[in-house]
Amino acid sequence: GLLAGCETVSKEQCVAGDWSEIGRAHAAQGYPSSRFEDVAKDCGRHGITPDPEAYMSGWDKGVQLYCTPLNGFTLGRQNTNLSPICPPNLAGEAERAHRLGKRVWTTRDKVTQLERRIDDRQREIDRLRSELDRIDCRDKKGDERIACRDRRNELRQRVQDSRFEMQDARFELNDRRRDYELTLAQVDEEARRTIPGYQQ
């Protein structure tokens, strides 16, 4: 749950007793109607019994707010799952818009992963160079000198390998950025046509 480990309602809300508004707010956040059971438990601790009919009346109104194509799109773009509370007459459009929003998140995530990979490679290069700078073979003799030089050569090779990996990632990043921009344009065009209230 969104508020796992916390009270579903405060003592003040229980005392105020606006069960319809509480139900509406819960459904608007995607909570199932069974959340009323938690409300009853929390308010019961304060000696207050909530009104299930008022709660459900509000919950039904909250569903109408949650199960819109615009909200589905927003949740998909945030990579947040769509709650299964939507009735059949609303679920189809909300799910379609959710998939549309998820396309944006998916292509953006590929860009983000490559950016992280490049940053990781750069940190690795910096770390290897720092280690390389600390290794001085001039005062070493015999096998120790050979081992020292071998270590320096190994570090140089790893720096080179990391550079190649970073270069490959940069090339791929350019492609993924183009994909992202193209996806944004395609999704924006479809969302304008199919999602009431949509604004880029």
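Worth saying up front: this structure is predicted, and the values here are computed from it rather than measured. The first residue of the sequence shown is numbered 1, and numbering continues consecutively from there.
- Defined by atom type and a distance below 3.5 Å, a donor-acceptor pair is missing between the side-chain atoms of D179 and T107.
- Pairs of residues two or more places apart, or lying in two chains, never qualify as ring-ring contact (aromatic ring centres under 6.0 Å, His included) while including a residue from residues 106-130.
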For residues 162-170, which side-chain N or O atoms pair as donor and acceptor with protein atoms under 3.5 Å away, sequence neighbours left out?
{"residue": "S162", "atom": "OG", "partner": "R121", "partner atom": "NH1", "Å": "3.3"}
{"residue": "S162", "atom": "OG", "partner": "R158", "partner atom": "O", "Å": "3.1"}
{"residue": "E165", "atom": "OE1", "partner": "R121", "partner atom": "NH1", "Å": "3.4"}

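- Ionic pairing of D119 and R116 is not present here: no N-O contact between side-chain nitrogen and carboxylate oxygen is shorter than 4.0 angstrom.
- Side-chain contact check for Y55 versus I22: some heavy-atom pair is nearer than 4.5 Å.
- Residues passing the side chain to side chain contact (heavy atoms under 4.5 Å, CB included) test with R103, sequence neighbours excluded: L100, T183, Q186, V187, E190.
- In this structure, the ring of H26 has its center no less than 6.0 angstrom from the ring center of F36.
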Practice task
Could you give me the CA-CA distance, side-chain angles and deciding distance for R134 and E131, then say whether salt bridge (Lys or Arg N to Asp or Glu O under 4.0 Å) is met?
Solution key: CA-CA 5 Å; R134 291 194 302 271; E131 184 178 348; 5.0 Å; no
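- R156 CZ to R149 CZ: the interatomic distance, rounded to the nearest 0.5 Å, is 10.0 Å.
- When only modelled atom types and interatomic distance are considered, N153 and Q157 share no side-chain donor-acceptor pair under 3.5 Å.
- Applying the side chain to side chain donor-acceptor pair (under 3.5 Å) test to R24 and every residue at least two apart in sequence or in another chain returns E21.
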Problem - Verdict with supporting geometry, D133 and R129, salt bridge (Lys or Arg N to Asp or Glu O under 4.0 Å) - result: CA-CA 6 Å; D133 289 343; R129 281 176 173 164; over 6 Å; no
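- Contact of the V15 side chain with the I48 side chain is registered, since non-hydrogen atoms from C-beta on lie closer than 4.5 Å.
- With hydrogens and angles left out, the side-chain atoms of Q113 and D109 include a donor and acceptor closer than 3.5 Å.
- In terms of the salt bridge (Lys or Arg N to Asp or Glu O under 4.0 Å) criterion, E181 has no residue partners (sequence neighbours excluded).
- A salt bridge does not link E115 to R176: none of the charged nitrogens lies less than 4.0 Å from a carboxylate oxygen.
- With sequence neighbours left out, F73 forms a ring pair (Phe, Tyr, Trp, His ring centres under 6.0 Å) with Y198.
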